[in-house]
Every structure is written in structure tokens, then in C-alpha cells.
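Remarks on the structure that follows.
Every number for a ligand or one of its atoms is a count from 1 in the order of the listing. Since we're looking at a predicted model, the values are computed, not measured.
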Amino acid sequence: MAERLVSMRGLSCHFPAAEAGVKLAAVDAVDLDIYAGEILGLVGESGSGKSTLGRMLAGLQQPSAGTLRFHGESDAGRARISSVQMVFQDSYASLNPRRRIIDSLMEPLGVARVSTRDKLSKAAKWLERVGLSRDAGERFPHELSGGQRQRVGIARAFIAEPRLVVCDEAVSALDVSVQAQIINLLQDIQRDSGTAIVFIAHDLAVVRSLADRTAVMYLGEIVELGSSAQVFSRPLHPYTRNLLAAHPEAELNSQGRHRRKVAPAQERRLPLSNDSGCRYAPRCSLAKPFCLRTPPALAVSEAGSEVACHRLREIEQYLASRAAKAHDDESSIL
Ligand SMILES: Nc1ncnc2c1ncn2[C@@H]1O[C@H](COP(=O)(O)OP(=O)(O)OP(=O)(O)O)[C@@H](O)[C@H]1O
Ligand SMILES: [Mg+2]
């Protein structure tokens, strides 16, 4: 197992909700480790807490409870500034409009004791590394295309050799063809640098192809965590199964053929007596009354992934029997 880079234990972030006196748990008691050099995908519907988790990692958001430990660093607070960087969706907003690109690129090197000449040469090297001309360095952000600006955003994130980069919807605002180029670039840089990446995205097909592991979030909690191959090809949590069914392209099998579509789980509203049970239960077609009463902990599945569902064993049995039946059906045809 690779070296552990970050450990989150009971990590939470609460915001005041619209109703007075009520707190909203944007991230709720998350236990998660990030390993050196891995790409960890983070998926889940809008509002599930992905950005808040990413911002806590980058030190841009203060946790309300729990611990966030950076291994191999004595002072987590100080270490985080240089060892975790972020790439945002809006490359324009993340660059100072009045600074030339080359100056913005040198900014993260500011804290290190490096001469201006060395910083300039490093920035020039990174411009080239992300496929931009030297001339682009002399321009201002508005003079670049969205794709070019995102290349700058990536160079800026990696230039100070961080140990972790959080990419929050980093390619979502780009055209599909540009997206592919930027993803290839990220992959190349990640391979060379060995920097771990937390890759937050709505595009499940992209996460599947890029991430080694994937964590699925629902209302502030991680409901499923495993290798991307496992999570995408054999999702176990009813929420993950529902999420993937809504994105059939992510269920492409290894031969590139479409799998038979799984019908989206029926939305079934059960009265929420209190907030103590499984958060997905009110929407879950498999929920039993006890699901509403007791929160499920992450349990290890037969395949080694972690799933927070009371009905995990039954789901596994069902999938195994369905696979066996499909095998029998196929054998009877052949
Ligand atoms: N600064 C804030 N103040 C109050 N509430 C916030 C704040 N930031 C986020 N929230 C709330 O926390 C919850 C999680 O938000 P977050 O942005 O982390 O979700 P997300 O998974 O990144 O969603 P999206 O996919 O839309 O980007 C949401 O309900 C959001 O409204
Ligand atoms: Mg977000």
C-alpha cells in the first residue's frame, strides 16, 4: 500500500441553514485517507459537499469538527499552504486580471527562498510543460482562451511541487475536445510528478477513466468508496446505482458496448422522523423502516470496497444471483 498522505477522521463542516438556529452539515463526519500519488475521484450530486471537502483539504475552509492530518508534516496548518493546491472550474476568476500570466505563475513560488531569475525560469519551463508559448506568459488572463487559462491554472497548481492538488470541476466549463486535452495533460503531469490528485467532477465517464479510486458522496457523507473499476462496474450502494443509471455512458463496459440500462431507483418519499437514520433512505427504493432509524456505517464489501448501506449483503447476493443467471442464459444460447 502506498504511503498515506492525508487522513480525515470525523471531518465535518457545518453552515448555518436558511432557518434560524439550524445547522446544515455540508460535510458530515467523513473518514477518508488519501494516498501519495493516487488520483481520487469525488462524485455525487450537486450540494453533496464535494467542494467543501476539497476546500477543507486546501485550507480554504475551516472544519467545524474532526481532524485533518497531513502525514510527514509537523505543522499541518503551515504545511498545507504549500503542499495542497487547487484548480478551480473558473480559470478566469482564479487569476488576477491585472497580472501578466508569468507573474501569476511565479506567485506560488513566492514563499520559497528562490531568486527572481530562478522563478522566471521555472515559470517559463511550466508554460512549456502545459503547452503554452513564452509569448502567452506576457499576456493578461482575458487575452487567453478558456482552455489556455486552465493550462495556466494547472501550471500554477503544480509549479511549487505540492503533494496534493484538488481539481474542482477543473474541466467542466470547457468544450469536450479541449476537456480531453486538459485531462491528458493532467494525467501526464500527475504521472511525472507523482502528486496525488483529488478530482471532483460531475462527468462520471471522466472520473472513471482518470481516477484510481472513487468516493461517492451523498448529503455530506461518503456512501461508497473503492477502486474506480469496482465502483463504476459494480456499484453497490443504492445511491451509486441510481447515480450511474442516470449516466449510462459511465456504465460502458470494457469492450465499449453499452450495458443494459438499470432503471433509475424510484423516488419514494418516506417521512423523515428525524435525522438519525440513513440519509438516503427517504429516496431509496430498498429502504426498510430501520434504515430511517439507524445510520449505516461504512462496511467492507466482498469485493473490498466500502459501502454505507444496511442492505449491502442482500444487494451483493442479488447481484451475484443475477450474474449467475446471466451466465446460465448465455450458456444456454451458445
Ligand atoms: N459558504 C457557505 N455558506 C453556507 N452554505 C454553504 C457554503 N458553502 C457551501 N454551502 C452549502 O453546503 C452544501 C454543500 O455544498 P458544496 O458546494 O460543497 O457541494 P458540491 O457537492 O460541491 O456541489 P456542486 O456539485 O453543485 O458543486 C450545500 O448545501 C451548500 O449550499
Ligand atoms: Mg462544488
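- Protein non-hydrogen atoms do reach within 4.0 Å of atom 6 (C) of ligand 1.
- Criterion: ILVMFWY side-chain heavy atoms under 4.5 Å apart, direct or through other members. Under it, M106 and F140 are not part of a common hydrophobic cluster.
- Residue contacts with ligand 1 leave out G44, since none of its heavy atoms falls under 4.0 Å from the ligand.
- Scanning all protein heavy atoms for the shortest distance to atom 12 (O) of ligand 1 gives A26 CB, 3.2 Å.
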* Could you check E224 against T240 for side-chain hydrogen bond (donor to acceptor under 3.5 Å, both in side chains), going step by step and ending with a plain yes or no? => CA-CA 7 Å; E224 185 155 1; T240 315; 2.7 Å; yes

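- For a threshold of 3.5 Å applied to N or O pairs, the pair formed by G47 and ligand 1 contains at least one separation below that value.
- For atom 18 (O) of ligand 1, the closest non-hydrogen atom of the protein is T52 OG1, 2.5 Å.
- The CD1 atom of I182 lies 12.5 Å from the CD atom of Q187; values are rounded to the nearest 0.5 Å.
- R4 places no side-chain N or O within donor-acceptor distance of the main-chain N or O of Y35, the cut-off being under 3.5 Å.
- Polar contact check, E169 against ligand 1: no nitrogen or oxygen pair lies under 3.5 Å apart.
- In terms of protein heavy atoms, atom 24 (P) of ligand 1 is closest to S46 OG, 3.5 Å.
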Worksheet entry | Worked verdict on S51 versus D168 for side-chain hydrogen bond (donor to acceptor under 3.5 Å, both in side chains) | CA-CA 7 Å; S51 294; D168 191 353; 2.6 Å; yes

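- Counting atoms of ligand 1 from 1 in the listed order, those under 4.0 Å from a heavy atom of S51 are 17 (O), 18 (O), 20 (P), 22 (O), 27 (O).
- Taking 2.8 Å as the threshold, S51 counts as a candidate ligand of the Mg ion (ligand 2), since one of its N, O or S atoms lies below it.
- In terms of protein heavy-atom proximity, atom 9 (C) of ligand 1 is nearest to F15 CE1, 3.5 Å.
- With a heavy-atom cut-off of 4.0 Å, L24 touches ligand 1 through its side chain alone.
- Protein heavy atom at the shortest distance from atom 25 (O) of ligand 1 is K50 NZ, 2.7 Å.
- Between S133 and L127, the shortest heavy-atom distance links the atoms O-CD1, 3.8 Å.
- At least one donor-acceptor pair under 3.5 Å links the side chain of H310 to the backbone N or O of T294.
- Linking Ile, Leu, Val, Met, Phe, Trp and Tyr residues whenever their side-chain heavy atoms come within less than 4.5 Å places V178 and L210 in a single cluster.
- L105 and L120 fall within the same hydrophobic cluster, where Ile, Leu, Val, Met, Phe, Trp and Tyr residues are linked whenever their side-chain heavy atoms come under 4.5 Å apart, directly or through other members.
- Within the 4.0 Å heavy-atom criterion, the part of H202 lying near ligand 1 is the side chain and not the backbone.
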